[in-house]
Amino acid sequence: MSTQVQSTPTKKANDLRRFSGKSSGVELRDITKIFPTPEGTGETIAVNHINLSVADGELVTLLGPSGCGKTTTLRMISGFEYPSAGQILIGGRDVANVPPNKRGISMVFQSYALFPHLSIWENIAYGLKVQRLPKDEVIARTDAVIKLMQLEGMERRFPNQLSGGQQQRVALARAVVIEPSVLLFDEPLSNLDAKLREHMRDELRSIQKRLGITSVYVTHDQSEAMAISDRVVIMKDGNLMQVGTPQEIYEYPNCKFVANFIGKANFISGRFQGLEGESAIVKFGDGMRYLIPNPGAMEGLRFGNPCCLAFRPESVKLTAEGEGIPGVVKRATYFGSKIEYEVDIGSTVLTVEIYNPQLSRRYQEGDSVKAVLDLDCVRVLPEEKLTIE
Amino acid sequence: MAVNRVKQKSDKPLTHNSGRNDFALLLRQPLLLLTIISIFVLLFIFVILPIFNVFKMGATNKDGAFSLQPFVDILSNPSYRQTFYNSMKLGVIVACVATALGYLFAFSITRTEMPGKRFFRTIATIPIISPPFILSLSIIFLFGRQGLITRGLLGIKNFDVYGLRSLVVVQAISFFPVAFLTLSGILESIDDSVEDAARSMGASRWHTFRTVTLPLSVPGIISAMLLVFIQSLEDFSNPAVIAGDFSTLSVEAYRIITGMYDLHAGSMMAIILLLPTVAAFLLQKYFLRKKSFVTVSGKPTQKRRKIHEKHIVVPLFLGCLLVSAIILLFYGTVLVGAFVKTWGINYTFTLSHFKFVYSMGWDAMKNSIILATWAAPIGGLLGMAIAFLTVRKRFLGRRVMEVASMLTFAIPGTVLGIGYVGTFNQKPLLLTGTAFILVAAFTFRNMPVAIESGSTTLLQIDKSIEEASTISGAGSGHTFRRITLPLLREAFFSGLVYAFVRAMTAVSAIIFLVSPRWPLATSKIFSLFEASKYSDAAAYVMIMIVVILVAIGIINGLVKFFLRPRAKAPGREEVERAILAQGGECP
């Protein structure tokens, strides 16, 4: 876009709005998907009674380990899979009886799935030609997307003559050109190498923001999810574990799984002893009681329940003397921007990250240290989160 | 947040299953559903029903009552028992010889740096597309009573060319391409790096071959042997003319029906022929499924140097060369035979045989071309459609469709012919004597090859390419025409060629079905053969070869023209005009 001369900023905004004219929200109501097991003897629950609402123009990421049901959920929205129970609403309309090709949605595939026998221009124009639009309209709209994606000059090439990043842009162009109500992304960046992945991630996000098309994005890469999402949905074994902005999810995880899955986390087990004002009281095996000033939602915790303190490796500092939890350095790994220590404190092993290691004291394996927690950054989580079997 | 709500829901029974889901999806695509139903109906009428009728005829007597008398008759007749043993013996010997030849070619071509690979590859495909009778003709020319080698060079009088020996030679050459194709597919899919790993641990070439390459190609070897075995049993044209006293099942069934007018005993004979071929076919499917342990790596590995040591390559090269020389000798003999006055006596050049063929009229040849021209695209398209449906779609009876459509490969032409005669000689399916029944026989008999190559190609194409078309708004039909079919063009082309050639050269399937109204070229050659007019038959075969080669060229051109990718995009002016017409501004 930067190479083009635009008349006025408002016109540019209007131009871009062209692609999201039909954008609309998505709602999943109590969606369940059951597959027969590969042996055909039983059934497995791939998606378990999930509810999710995606607002118009929002980018929501489904994040989770493989087999958590995120791709199945995406494929149910696309219509390639059909929910065993529950409703899917696109723009308020129940799409149970609408086949994938009539849903007015688009999808960017993990493998791009470009048509290898068609030129780039034909790839992008494909969806418009399917609709049997007038030739002029097809040409004009295709051209607009080609310019938007900076694919000028590639029209006559075949997909295998393009670089990975260009192929990615063609896939996005093909998805955007039909002005979908919802744009689905199925791990679109997983085929790119690390450097290009970051670049495309930012580009994808900026295009999605500018166009304002409702998007559902599936990935297993947590940093990708953090970087591009308005909201992140953490899934595990077919269940929604937590929904929230990247910041909420990272700073206020609601269970050990989420805390562990997004970034790294340390856990120290204890027992919940009630509240004192805003602060939570937690008792430990050695009889010590701690006051946690900012414990988080503590969903489902009752007096006397087992719980744990959760905190990020960067919320811990190490000192050689003074107050702190005593421990021994088990391992020190140098990463350049940080040093990662593993510190054995008896009941568990803490992971500690010290950023900008040039400025701090270095410890060797076997050194005795004290771990100092920044209590404001500590959350109290239930020991076991309840999920249905 | 999910904790509380989820608890309430968990007691609700979950009864839905995905089978219903597939059906629900299908119901919303009426065109797809209609296609599936039509294919089932076609398969039922033209595959299942005829086979069922063969069994019915075999198990009833002339009054239509159930009877195992034909079965008992055949079992108690020592000459029929001998026929069964003969067929099995021939099948096993040919399977071994042809597979050995196929392995020699496949290994040399895929695994070594032997020169002349293209030439050997071509040699190995000639027998597939050549008309029937041609190898039998040349073995008679070379080793017959007036044979060039037996009589001419060695001076043997009354050498008996007819029998098992000649059949083994002729069938081994005819069917080794099947083994070659199967084995080269398998050998190509063995990752080079596995062999490199063995070599790097100090194994010699021979040790590597014995402990790595050969074990990995075992499923392919067994599968190739079974395929050749089936073909040998099914073969009608060669045993019909050079078996002599060595009776085989397919010919015997024909003789019983046409000579003794006993459709019931003939059907029983057909069943006895059918059982081993179907068994071999199912076994072959089983072994090929095991192929999955062959190391197939999707990533293009670095091109590495193949076997190049002289002491390995030279013997392999000489072996391939010897086999090729024999094949060329056989084909060359027929070519010469078509142009000499009287083979064995007067070798002067003449066009009289072609004149004779010309005087017979072109009806039969024209009919063959017309029917093959109908059968090839129908079979090719139907094959691609079935491959598409069975690989890509989920529906009730998908496996049934897969097996039923592939089954005709295992059904000998003789058996299918008997089934068609028994099924389509009464209303409402009165089709005997029409061209339609011939086209149907060609279509369904030759379809499995198209399905096979279509399925193999489809399995290598990422499914999401078709999903991308669907999500762009295209229905199943549009996706099939615009995306799947063009991607399958190689498979489609080979399916078309195979279907055309096999329709032109079919003998066994049509001997019961040809009628005076629709005489066919192969039945003409057969009658020339039976009248011992070998040079006239040779001339006819030569004309057929020319027709087939021209047809392959035309099919190739058509497929290229219609399905070749073209880099299409509108020109600059066209784009600007369109933008203006849409009320936009040009930069």
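Letters go in sequence order (proteins before strands), and every chain restarts at 1.
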Checklist entry - Checking A/R174 against A/F115: charged group under 6.0 Å from the ring centre and within 45 degrees of the axis? => result yes
Checklist entry - Side chain, backbone, both or neither: which part of A/K135 has a non-hydrogen atom closer than 4.5 Å to chain B? => result side chain
Next on the checklist: Between A/V108 and chain B, with a heavy-atom cut-off of 4.5 Å, which part of the residue counts as in contact: side chain, backbone, both or neither?
Outcome noted: neither
Checklist entry - Do B/E466 and B/T479 have a side chain donor and acceptor closer than 3.5 Å? => result no
Next on the checklist: Can you classify the ring geometry of B/F388 versus B/F480 as parallel (below 30°), tilted (30 to 60°) or perpendicular (above 60°)?
Outcome noted: tilted
Checklist entry - So which part of A/I120 gets closer than 4.5 Å to some heavy atom of chain B, the side chain, the backbone, both or neither? => result neither
Checklist entry - So, A/Q110 and A/D186: side-chain donor and acceptor under 3.5 Å apart, yes or no? => result no
Item to check | B/E574 versus chain A, the contacting section by heavy-atom distance below 4.5 Å | outcome: both
Item to check | Part of A/A175 lying under 4.5 Å from any heavy atom of chain B | outcome: neither
Checklist entry - Do the side chain of A/S84 and the main chain of A/I34 share a donor and acceptor less than 3.5 angstrom apart? => result yes
Checklist entry - Which word best sums up how the rings of A/F80 and A/F109 line up, parallel for under 30°, tilted for 30 to 60°, or perpendicular for over 60°? => result tilted
Checklist entry - Is it the side chain or the backbone of B/S469 that comes within 4.5 Å of chain A heavy atoms, both, or neither? => result both
Checklist outcome for this item: Greatest number of non-hydrogen atom pairs under 4.5 angstrom with chain B, of A/R103, A/E122, A/K129, A/E155, falls to A/E122
